[in-house]
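The structure presented is a predicted model; accordingly, all values stated were derived computationally and were not measured. Just so you know, ligand 1 is whichever comes first in the structure, and atom 1 is the first atom listed for that ligand.
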Amino acid sequence: MSNLKELENNLKEIVKKAGYEVDKLSLTPSNRRDLGEYQLNDAMQLAKTYHENPQIIATNIVEELKKNENYTNINIAGPGFINLSLSENYKIEILNRIHKDIFSNIEKKEHKKIIIDYGGANVSKALHVGHLRSANLGEALKRLGKLLGYEVLGDAHLGDYGRPLGLVILEIKKLYPDLKYFDKDYTGNYDDIELPITNVDLEKIYPKASLKSKEDETYLEEAREITMKVQNKERGYYELWKKVVEISKADIKKIYDKLNVNFELWLGESDSVEHFEELNTIFEQKNLLTISDNAKIIEVAEEKDTSPMPPLLFIKSNGTISYETTDLATILQRKKEFNPDEIWYVVDARQSLHFEQVFRAARKASLIDDEVNLEFIGFGTMNGKDGKPFKTRDGGVMTLKSLINLVKEETLKRINPDTINDEEKDAIAETVAIAALKYADFLPFRATDYVFEVEKFADLEGKTGPYLLYSTIRMKSLLNKAKTLKQDSIRKLNSQTENDIALMILQLSQVLTKSLETKSLNEIAEYLYNLTSLYNKFYAENKVLTEKDQQLQESWLVLTKVVYNINNMLLEILGINVPNKM
Ligand code: ARG
């Protein structure tokens, strides 16, 4: 049980002793610390239930509170708000418990199995800025969910189906028409064929093919035919596609690794297709398919709709299946293979209509139990200074690789040349760059757009990743220097700053829960900054290593350690690594 929860339970008991029952206590940290650290606001609600004057209720509760030595500074404000503070001893006791076991301050959730779909990288296309938020958010939600007791599986859900694959294969065919893959009479082993293409080539091939297809109708038609060939697993074409996926996947994985993003499952759209037959049967048997212009569609509009809800395109008029349909088939697949309690989709907010259509169709056909929560977790875009999605200088798509390098150029300038040699420099600058990029991405509420400002993100001062890293490294270095000194328990809280730190530590569990509820990491990002800033204030106020009062010094070191551990835990949730120095 978290310490905050324990506090709430304890207060509930006290309210009960005063003669009242509350279900959910309304305890909030006060912003007038001089009046009390917390405010208990239940008297007003109780007044309604018990038909009693709130002032009298508050007085009765206060009387009980005063008997308990955990609370001090108890007073009534206004119509019946109770202000109270925690006694120093109680705070110290809690902090020492957290020092022994950081998890004693974390509220666990009931077990649930959740699949988070947060990759969405498209095979043969480079990962670009649009994939950044999905990866950051999804990974962090997964780590947070696991910490709070859920069983969570992350799925990359690769975009490996549909027209792009036809375009890529067609362009390869134009470049290397003699490749054995295109030879109908080839009977040998495809594994023996040397493919003269690297991931760098692939990144160029797709945009080129895509452009050609827009200008040339026959080219597009050819690509369509090839798409069909791959989807029908025609020997040669299908084998080549598998090879392309392999090359592309290895490259995609490298970038995800840089971002500390790991998937438990590397499934793709194409893996869902084997469930298509069954999916089709389910929809047919339930009479949910309508023919319209040679296509099969599913009506998903509802009476309550206030904006247009177009039908879901199930099978296109040319017989191929749509992006919506692969998502439906994936739901079926996930249900059969993993039987999750929830599926979360961390995808660009601009795809909300797509998911609304998919979820409605899935519900209509009862593809998955009603209790299984399907949740679209849409995020805003990272924009350039012009307010449009961030692009390269010449208006092209900014790959994630280039984006990371852009930030790295900036962090390289700030690496301390006195302590870091040339060999280490690059790796450290990259770690700091990733921290800068990720932290800036978490700071706004996830559905909010934000502007990419490299100097600001990389700054060592302010609400930035580098500031957090720098401060955390400094805590570690202090603890290292004090290795031989006693670091057992906190014995006193000396100053207002220390007291503020203690209260903030108590809030940790709530911050975690709130982040999980809102499916946004901004609360955690904000908390990290606030806790770190408070700690830095304390650091500036005191000379820990030369302090003569040993009990005080020990208390300070333990306080440092608790903050250091919390910082590490939260940075770990955010997928941000802390370098040894910077
Ligand atoms: N590959 C898609 C894209 O780049 C994103 C996939 C999101 N996940 C999903 N289940 N549809 O737009």
Near [X], which atoms of ligand 1 are under 4.0 Å from a heavy atom of that residue?
{"X": "Asp117", "answer": "8 (N), 9 (C), 10 (N)"}
{"X": "Tyr323", "answer": "2 (C), 5 (C), 6 (C), 7 (C), 9 (C), 11 (N)"}
{"X": "Asp327", "answer": "9 (C), 10 (N), 11 (N)"}
{"X": "Gly120", "answer": "1 (N), 2 (C), 3 (C), 4 (O), 5 (C), 6 (C)"}
{"X": "Val347", "answer": "7 (C), 8 (N)"}

Polar contact flag for Gln351 and ligand 1 (N/O pairs, less than 3.5 Å): yes

Tyr118 heavy atom under 4.0 Å from ligand 1: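 Contact absent.
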
Centroid-centroid distance, Trp241 to Tyr238, less than 6.0 Å: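 No, they do not, as the ring centres are separated by 6.0 Å or more.
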
Parallel, tilted or perpendicular: ring planes of Tyr181 versus Tyr190, cut at 30 and 60 degrees: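 If you compare the ring of Tyr181 with that of Tyr190, the planes turn out parallel.
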
Ring geometry between His128 and His131 (parallel below 30°, tilted from 30 to 60°, perpendicular above 60°):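 Ring orientation, 0 to 90° scale: tilted.
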
Exercise: do Thr399 and Ser402 side chains pair donor with acceptor under 3.5 Å: yes

Side-chain donor-acceptor pair present, Tyr527, Gln507, cut-off under 3.5 Å: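 Result is no, nothing qualifies.
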
Glu409/Lys413 salt bridge by N-O under 4.0 Å criterion: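 No, no charged N to carboxylate O under 4.0 Å.
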
Side chain, backbone, both or neither: the part of Asn122 lying under 4.0 Å from ligand 1 by heavy atom: side chain

Phe355 contact mode with ligand 1 (heavy-atom cut-off under 4.0 Å):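 Contact part for Phe355 vs ligand 1: side chain (C-beta onward).
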
Salt bridge (charged side-chain N to carboxylate O under 4.0 Å, His left out) between Glu222 and Lys173, worked out: CA-CA 11 Å; Glu222 256 182 283; Lys173 192 175 179 180; 5.8 Å; no

